[in-house]
Amino acid sequence: QVQLVESGGGLVQAGGSLRLSCAASGTISNINTMGWYRQAPGKQRELVARLISGGTTNYEDSVRGRFTVFRDNAKDTVYLQMDSLKPEDTAIYYCNLRAYSGVYWGQGTQVTVSS
């Protein structure tokens with residue numbers, strides 16, 4: 001069974017930084033993508049950033065240039081470095097993994113950016 005455990009959320013002032021981590025455990029093979037989604041109150045869950053096998057990265061337009069997604073393959077861990085945070089980045093952030101065996105989600109971690 002695959003588990004995704006997130007950490008690193010919290011409260012930060014606008015302009016600050018946070019780094020989210022997501023550690024994957026269990027039997028995982030043929031990973032297609034690892035990345036992050038977010039859901040703000042009253043809004044739909046949206047893709048923030050993801051790594052596609054082969055090295056391609058995708059970013060949501062509003063975070064491009066401020067957020068960086070990267071992976072430690074040895075630890076099956078994916079990170080989201082968030083810089084120059086804005087109040088509109090406030091949301092619950094979810095780790096996501098898509099593999100041959102299925103689609104998996106973390107429990108979510110709250111990120112709150114104060115103005």
Side-chain angles (χ1 to χ4, degrees):
Q1 185 168 347
V2 175
Q3 283 192 318
L4 303 178
V5 178
E6 300 149 347
S7 60
L11 173 64
V12 65
Q13 287 188 329
S17 298
L18 283 174
R19 177 178 290 187
L20 306 183
S21 301
C22 172
S25 63
T27 303
I28 307 170
S29 61
N30 297 317
I31 294 175
N32 293 323
T33 67
M34 290 187 76
W36 296 88
Y37 287 69
R38 68 185 179 187
Q39 187 166 17
K43 295 188 176 181
Q44 289 189 332
R45 191 173 297 189
E46 64 176 1
L47 174 67
V48 177
R50 66 179 178 182
L51 288 163
I52 302 172
S53 62
T56 302
T57 54
N58 294 148
Y59 291 95
E60 196 272 327
D61 286 346
S62 69
V63 309
R64 190 174 291 112
R66 300 188 297 121
F67 291 10
T68 304
V69 61
F70 59 99
R71 178 179 170 184
D72 183 337
N73 290 330
K75 298 180 180 180
D76 274 339
T77 299
V78 64
Y79 302 90
L80 184 67
Q81 177 65 40
M82 303 186 292
D83 298 318
S84 302
L85 282 160
K86 304 175 180 180
E88 51 263 43
D89 294 319
T90 295
I92 299 174
Y93 285 69
Y94 296 91
C95 179
N96 173 267
L97 185 155
R98 297 174 185 269
Y100 178 79
S101 56
V103 179
Y104 306 94
W105 293 93
Q107 78 281 5
T109 186
Q110 177 71 47
V111 171
T112 303
V113 184
S114 63
S115 57

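These numbers come from a predicted model, not from an experiment.
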Only pairs under 3.5 Å count here: list side-chain donor-acceptor contacts from residues 108-115, not counting sequence neighbours, and write none if there are none.
{"from": "T109", "atom 1": "OG1", "to": "G9", "atom 2": "N", "distance (Å)": "3.3"}
{"from": "Q110", "atom 1": "NE2", "to": "A91", "atom 2": "O", "distance (Å)": "3.4"}
{"from": "Q110", "atom 1": "NE2", "to": "T112", "atom 2": "OG1", "distance (Å)": "3.3"}

Quiz: residues 43-52 side-chain donor-acceptor pairs under 3.5 angstrom, not counting sequence neighbours:
{"from": "E46", "atom 1": "OE2", "to": "R38", "atom 2": "NE", "distance (Å)": "2.8"}
{"from": "E46", "atom 1": "OE2", "to": "R38", "atom 2": "NH2", "distance (Å)": "3.3"}
{"from": "R50", "atom 1": "NE", "to": "N58", "atom 2": "OD1", "distance (Å)": "2.8"}
{"from": "R50", "atom 1": "NH2", "to": "N58", "atom 2": "OD1", "distance (Å)": "3.1"}

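Counting only heavy atoms from C-beta outward, the side chains of W36 and V78 approach each other to under 4.5 Å. Taking 4.5 Å as the limit, every side-chain heavy atom of Y104 sits out of range of all side-chain heavy atoms of I28. A heavy-atom distance below 4.5 Å is found between the side chains of R71 and D76. The shortest side-chain heavy-atom distance between W105 and V2 does not fall under the 4.5 Å cut-off.
Using modelled atom types and a 3.5 Å distance limit, the side chains of N32 and S53 yield no donor-acceptor pair.
Taking OG of S62 as the start and CG of D89 as the end, the distance is 6.5 Å to the nearest 0.5 Å. Distance check, rounded to the nearest 0.5 Å: OG of S21 to CD of Q81 gives 9.5 Å. Atom SG of C95 is separated from atom CD of Q3 by 12.5 Å, given to the nearest 0.5 angstrom. For the atom pair NZ (K75) and CG (N73), the distance works out to 12.0 Å, reported to the nearest 0.5 Å.
A salt bridge between R64 and D61 is present, with a side-chain N of the basic residue lying under 4.0 Å from a carboxylate O of the acidic one.
Across L18 and V12, no two heavy atoms sit closer than the pair CD1-CG1, 4.0 Å. Nearest heavy atoms, L4 versus Q107: O-OE1, 3.5 Å. Closest approach of S17 and D83 over heavy atoms only: OG-OD1, 2.7 Å.
Hydrophobic clustering of Ile, Leu, Val, Met, Phe, Trp and Tyr side chains at less than 4.5 Å, counting indirect connections, unites L80 with I31. Under the 4.5 Å side-chain heavy-atom criterion for Ile, Leu, Val, Met, Phe, Trp and Tyr, M34 and V103 are members of distinct hydrophobic clusters. In terms of hydrophobic clustering, with Ile, Leu, Val, Met, Phe, Trp and Tyr side chains grouped at heavy-atom distances under 4.5 Å, V69 and L20 are assigned to a common cluster. Follow the hydrophobic side-chain contacts under 4.5 Å out from Y37 and you never reach Y93; the two are in separate clusters.
For Y79, the ring-ring contact (aromatic ring centres under 6.0 Å, His included) criterion is met by F70, not counting sequence neighbours.
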